[in-house]
Amino acid sequence: MEQQRYYGRDLICTQDWERDELEEILRLARKMKEHRYSPKYTELLLHRTFLMFFYNPSVRTRQSFEAAATELGGHAQFLEPGSMRLKSSNTAGETIEDAAKVMSRYAVGIGIRILEDRIAKYGDGDEFLREYASWANIPVLNMADDKFHPFQGLADVMGMRENISEDMRGKTLLQYWGHGALARSWCSVQESLLINSRMGMNIVLAYPDGYDLDPDVIALTKKNCQNNGGSFSISHDPLECYRGADVVYSRNWMSPRAYDNGFDKQKEIKQALTHPEWICDHEKMRHTNNAYFIHPMPVDRKHEVTDEVASGERSLIYDIAENRLHIQKAVMALTMSTEW
Ligand code: CP
């Protein structure tokens, strides 16, 4: 039975799922968007609980997961990790094994966000999620860790398909570093590289010297491009890279040195702000193939992108933010129910 293929699965990075499985998520999300309150969907998680704990702040992810659980007939319980007496590297408490096994008795799924200043070094957040997933008997969903943000990547693809083309093969995505005051983790950007390279897009990754991403993710992105007919290139020129782009995704990310002596956010921000030329603006967009603008939000306006572009007629930011809800409903239905 097709439903059994998805039931109980974790989603930590889209690269962990087969391409046709991602298509199933996107297909169901589209149907759920079209028939949002159809009785076909509103009881899929009736009386079921989805547990969420956020080590970092969120607007969209928290609200859209809560709304998703409600629209599927269930409930999302918001947990403060600080109030759970969990063991950490410097405090005594409950182990991940015990917490995950107990939570599996109460709920149908667990969502976790952990990144930026809540980890000691790059990779810790993703490892933490994978450890939860190894002990839990219910799906563990990544609500953004330091490496990946699968729901954002899927919502980006859905938004581009709806507004640009059902088939994004051969279109060029400019993944652009924007200078900024938020010192962001690499999750949204790396997820975008991985999923869009699997969708056959040409990827241009542009950033100033000193902002390399995870070499393993770059190697996978190149392989994805080769396997799916796209191309991959890196540019360090803040303007030239715009030529021929169909989609521009401008987003700040922290440097690979960010955790060298403990996470120093202010130092990262100070360094990033020395590159004011790295901003997506109308003048640069004129060099593109009349590109659309995308961004996972929250937007750091006037740093990553100007108001004119972020709020312009080619901006897809609100459609994509809405799609987070539909994608999450689809994944929750696929992994926590067999009735879809
Ligand atoms: N894009 C995104 O994950 O937004 P939040 O940080 O507000 O959840």
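In each ligand, atom 1 is the first atom listed, and ligand 1 is the first ligand listed.
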I want to know whether F54 and F65 have ring centres closer than 6.0 Å. no
Are the aromatic rings of Y207 and H236 close, with centres under 6.0 Å apart? yes
With rounding to the nearest 0.5 angstrom, report the CG to OG1 distance, L213 to T221. 8.5 Å
Indicate whether any N or O donor in one side chain lies under 3.5 Å from an N or O acceptor in the other, for N252 and D300. no
Between E34 and R30 (salt bridge meaning N to carboxylate O under 4.0 Å), is one present in this structure? no
Name the residues in contact with ligand 1, where contact means a heavy atom under 4.0 Å away: which are they? S58, V59, R60, T61, R113, H149, Q152, P296, M297, R324
Salt bridge or not for R5 and E18, using N-O below 4.0 Å? no
